[in-house]
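Have a look at the structure below before the remarks.
Residue numbers begin at 1 in each chain, while the letters A, B, ... track the order of the sequences. Predicted, not measured: the structure shown is a model, and the values here were computed from it.
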Amino acid sequence: MKTMIASVKGARDFYPQEMAARQWLYERLRKVSLRFGYEEYDGPFLEKLDLYAAKSGEELVREQSFCFEDRGGEMITLRPELTPSLARMVAQRQSELIFPLRWWSFGPFWRYEKPQRGRTREFFQWNVDMIGVNSPEADAELLGLAAEFLREVGLKPEQVIIRVNNRRLMDAQFAALEIAPHMRPAVLKLIDRREKMNAAAWDAYALEVGLSGEQLEGLKRLLADGDLWQQSDDLQRVFSVLEAMGLREYFRYDANIIRGLEYYTGTVFEAFDVQESRAVLGGGHYDNLVADVGGEPLAGVGFAMGDVVISLVLKKYGLLPERWPGVADVLVTLFDMERSTAAFAFAMQLRRAGLRVVVYPEIAKLPKQFKFADRVGTRFVAILGPDEVATGKVTLKDLVAHEQETLTQEQAIAFVQSRLGTV
RNA sequence: GUGGCUGUAGCUCAAUGGCAGAGCGCUUGACUGUGGAUCAAGAUGUUGUGGGUUCGACCCCCAUCAGCCACCCCA
């Protein structure tokens with residue numbers, strides 16, 4: 001084999017089989033998005049570096065995104081996330097858009113990270129946002145949409161659970177523990193890291209952050225309290241709506257859910273594969289989406305889901321279809337040179353009747369042509385040999401039913417359509 | 001960005017420092033107008049890449065690339 005140029009690190013090839021899986025996923029999330037009245041949109045794949053520098057940490061952008069200088073000397077970034085583009089798009093037309101708006105998107109993103117299982121440098125992400133509203137009911141709708149997607153793809157609450165918390169609730173609890181406001185970001189980070197450290201190391205880390213022993217004990221009590229949500233009016237209303245939607249079983253209150261992002265101000269949530277505690281999707285409520293890019297403050301709620309982890313999870317639970325429908329319904333064989341024009345003509349009739357048809361592209365032995373049909377998964381094989389052409393007929397074999405009949409061409413079309421259930 | 005494990009046929013993997021193999025898949029035939037099954041025969045490798053040690057390297061050493069695992073991060 002000649003030397004081959006390797007693909008870019010962390011990028012994936014989508015062979016037809018993988019493309020079918022991607023399309024399958026897209027169709028399902030699209031279906032759920034539309035069912036809830038969300039409109040599809042997209043931003044540009046290229047953005048100015050400044051757009052992200054304004055919001056995210058500069059270091060993150062510089063070290064974890066693909067940046068380059070264009071010919072005019074401008075720093076351009078392959079979009080690492082959609083939210084800043086969304087904020088700009090909303091701000092640009094803030095006075096003419098109808099709020100609350102419900103938008104969703106599915107497209108490629110790039111992050112310059114070290115690839116490993118479940119993490120690639122090029123990935124697809126589903127983004128769903130409701131903007132211009134500030135209510136627990138809006139949060140609940142979006143949570144419900146996320147859960148409905150899980151249900152739609154066949155994931156059960158025992159497999160993937162959505163853990164929910166609320167930043168304001170946590171803030172009130174911190175105040176009750178007399179944790180000073182300036183320490184709260186560090187405490188949030190502390191909580192975020194809890195599941196990744198052993199208990200003793202975490203305790204030490206907590207004291208290092210500046211918590212007193214008493215505060216640490218209080219914090220632990222708080223994190224273990226599964227009923228804490230009852231002290232939050234927001235969460236009571238969120239869970240009540242989810243209950244009414246019949247999706248309550250997908251959700252669990254968990255004080256450990258914080259989310260790294262600074263702009264979340266209210267309800268936050270993360271869906272996890274229960275077995276591996278791997279994050280499948282995440283999001284939350286924000287008070288101010290567009291002010292950083294020059295608009296008037298707007299509240300909203302949104303979440304994002306990458307295609308990589310959800311695909312791994314679906315595959316693990318056997319929910320990704322293994323076999324995709326074959327590329328065609330009918331293979332028309334070529335018998336010999338003299339009979340080939342009849343084959344091409346018949347194939348065209350089948351296509352005009354709405355069937356997916358391939359003609360074997362060279363004259364070959366019938367066993368070879370049948371084998372090809374079997375392997376690519378066409379259900380029917382049509383033969384126009386000397387006998388058929390002489391009588392204006394066609395022999396049609398159903399490879400699934402192991403039956404064949406010699407019919408007129410009109411009968412043959414009807415035969416295939418009825419067996420495929422397309423009529 | 002840090003540390004670790006792994007890289008051998010299209011795929012999954014063997015091979016004590018001494019002739020590079022198996023299963024699956026693939027090609028052809030048994031079968032000149034009929035796929036899957038069976039049987040037979042056949043093809044396929046610069047052992048990721050580049051150096052080094054050695055009489056001799058898939059094996060040992062160094063570097064590099066890629067994948068995986070744990071950190072980091074997770075917008």
task: Identify, with sequence neighbours excluded, every residue that meets side chain to side chain contact (heavy atoms under 4.5 Å, CB included) alongside A/Ile76.
output: A/Leu46, A/Phe68, A/Asp70, A/Glu74
- prompt: To the nearest angstrom, how far is A/Phe370 atom CZ from B/U34 atom C1'?
  reply: 4 Å
B/G36 phosphate, OP1 or OP2, under 4.0 Å from A/Lys397 side-chain N/O: no
message: Which is more 5' along RNA chain B, the nucleotide nearest A/Thr378 or the one nearest A/Leu82? Just name the residue.
response: A/Thr378
- request: Please say whether the positively charged group of A/Arg102, taken as NZ for Lys or CZ for Arg, lies over the ring of A/Phe36, i.e. under 6.0 angstrom from the six-membered ring centre and within 45 degrees of the axis.
  value: no
side-chain hydrogen bond (donor to acceptor under 3.5 Å, both in side chains) partners of A/Glu18, counting only residues at least two apart: none
B/U49 and B/C11, which share atom name P, separated by this distance in whole Å: 14 Å
task: Mark yes or no for a side-chain to base donor-acceptor pair under 3.5 Å between A/Gln404 and B/G33, with no hydrogen or angle criteria applied.
output: no
task: May I have the distance from A/Leu384 (atom CG) to B/U34 (atom P), rounded to whole angstrom?
output: 16 Å
query: Any side-chain heavy atom of A/Leu350 sitting closer than 4.5 Å to one from A/Ile413?
result: yes
Would you give me the side-chain donor-acceptor pairs under 3.5 Å for residues 293-310 of chain A, sequence neighbours excluded?
unit_1, atom_1, unit_2, atom_2, d
A/Asp307, OD1, A/Arg12, NH2, 3.4
A/Asp307, OD1, A/Phe124, N, 2.8
A/Asp307, OD2, A/Arg12, NH1, 3.0
A/Asp307, OD2, A/Arg12, NH2, 3.0

task: Report which part of the nucleic acid A/Gln369 touches: base, sugar-phosphate, or nothing (heavy-atom distance under 4.0 Å, all strands).
output: nothing
- prompt: Is it true that a side-chain atom of A/Thr333 and a backbone atom of A/Gln369 form a donor plus acceptor pair closer than 3.5 Å?
  reply: no
task: State which residue, out of A/Arg163, A/Arg259, A/Arg252, fulfils the salt bridge (charged side-chain N to carboxylate O under 4.0 Å, His left out) condition with A/Glu270.
output: A/Arg259
Heavy-atom side-chain proximity of A/Cys67 to A/Thr77 below 4.5 angstrom: yes
field: Inter-nucleotide P distance (B/A14, B/C59), Å rounded
entry: 16 Å
query: Which whole number of Å gives the distance between the C1' atom of B/U16 and that of B/G1?
result: 40 Å
- prompt: Taking atom P in both B/G10 and B/U44, what distance in whole Å separates the two?
  reply: 11 Å
Between B/U34 (P) and A/Ile363 (CD1): distance, integer Å: 17 Å
- prompt: Any idea which heavy atoms bring A/Asp273 and A/Val280 closest together, and the distance?
  reply: N-CG2, 4.0 Å
query: What stem regions, each of at least 3 consecutive Watson-Crick or G-U pairs below 3.5 Å, can be found for RNA chain B?
result: B:1-7 with B:65-71, B:10-13 with B:21-24, B:26-30 with B:38-42, B:48-52 with B:60-64
- prompt: Atom CD of A/Gln17 and atom C1' of B/C11: how far apart are they, to the nearest Å?
  reply: 13 Å
query: Starting at CG of A/Leu366 and ending at P of B/G29, how long is that distance when rounded to a whole Å?
result: 14 Å
- prompt: Base, sugar-phosphate alone, or nothing: which one does A/Glu270 contact when heavy atoms must sit under 4.0 Å apart?
  reply: nothing
field: Nearest atoms (heavy-atom pairs only) where A/Leu355 meets A/Leu420
entry: CD2-CD1, 3.7 Å
field: Separation of the C1' atoms in B/G56 and B/G17, to the nearest angstrom
entry: 8 Å
task: Select base, sugar-phosphate, or nothing to describe what A/Lys371 touches, counting heavy atoms under 4.0 Å on all strands.
output: sugar-phosphate
- prompt: With rounding to whole Å, what would you report as the distance between B/A66 and B/U27 at their C1' atoms?
  reply: 31 Å
- prompt: For A/Pro386 and A/Glu113, take the nucleotide of RNA chain B holding the closest heavy atom to each; which residue's nucleotide lies nearer the 5' end?
  reply: A/Pro386
task: Using only side-chain N and O atoms of A/Lys365, determine if any of them is under 4.0 Å from OP1 or OP2 of B/G29.
output: yes
Sub-3.5 Å pairs of nitrogen or oxygen atoms, protein against nucleotides 63-69 of chain B:
unit_1, atom_1, unit_2, atom_2, d
B/A66, OP2, A/Lys9, NZ, 3.3
B/G67, OP1, A/Gly10, N, 3.2
B/C69, OP2, A/Arg117, N, 2.5

- request: Determine the interatomic distance between P on B/U8 and the same-named atom on B/U46; round to the nearest Å.
  value: 12 Å
Which nucleotide in B/C72, B/C73, B/U34 has an atom nearest any side-chain atom of A/Arg193: B/C72
- request: Round to a whole Å and report the spacing from CZ of A/Arg375 to P of B/G25.
  value: 10 Å
- prompt: When you compare B/G52 with B/C71, how far apart are their C1' atoms, in angstrom units rounded to a whole number?
  reply: 33 Å
query: On the ring face of A/Tyr205, is A/Arg193 found with NZ or CZ under 6.0 Å from the centre and within 45° of the axis?
result: yes
- prompt: So which of residues 327-335 of chain A are in contact with RNA chain B, with a heavy-atom cut-off of under 4.0 Å?
  reply: A/Phe335
- prompt: Rounded to whole angstroms, how far apart are CG on A/Leu396 and C1' on B/U34?
  reply: 13 Å
query: For the residue pair A/Trp126 and A/Phe149, is the inter-centroid distance of their aromatic rings smaller than 6.0 Å?
result: yes
- prompt: Would you say A/Leu399 and A/Phe370 make side-chain contact, with heavy atoms under 4.5 Å?
  reply: yes
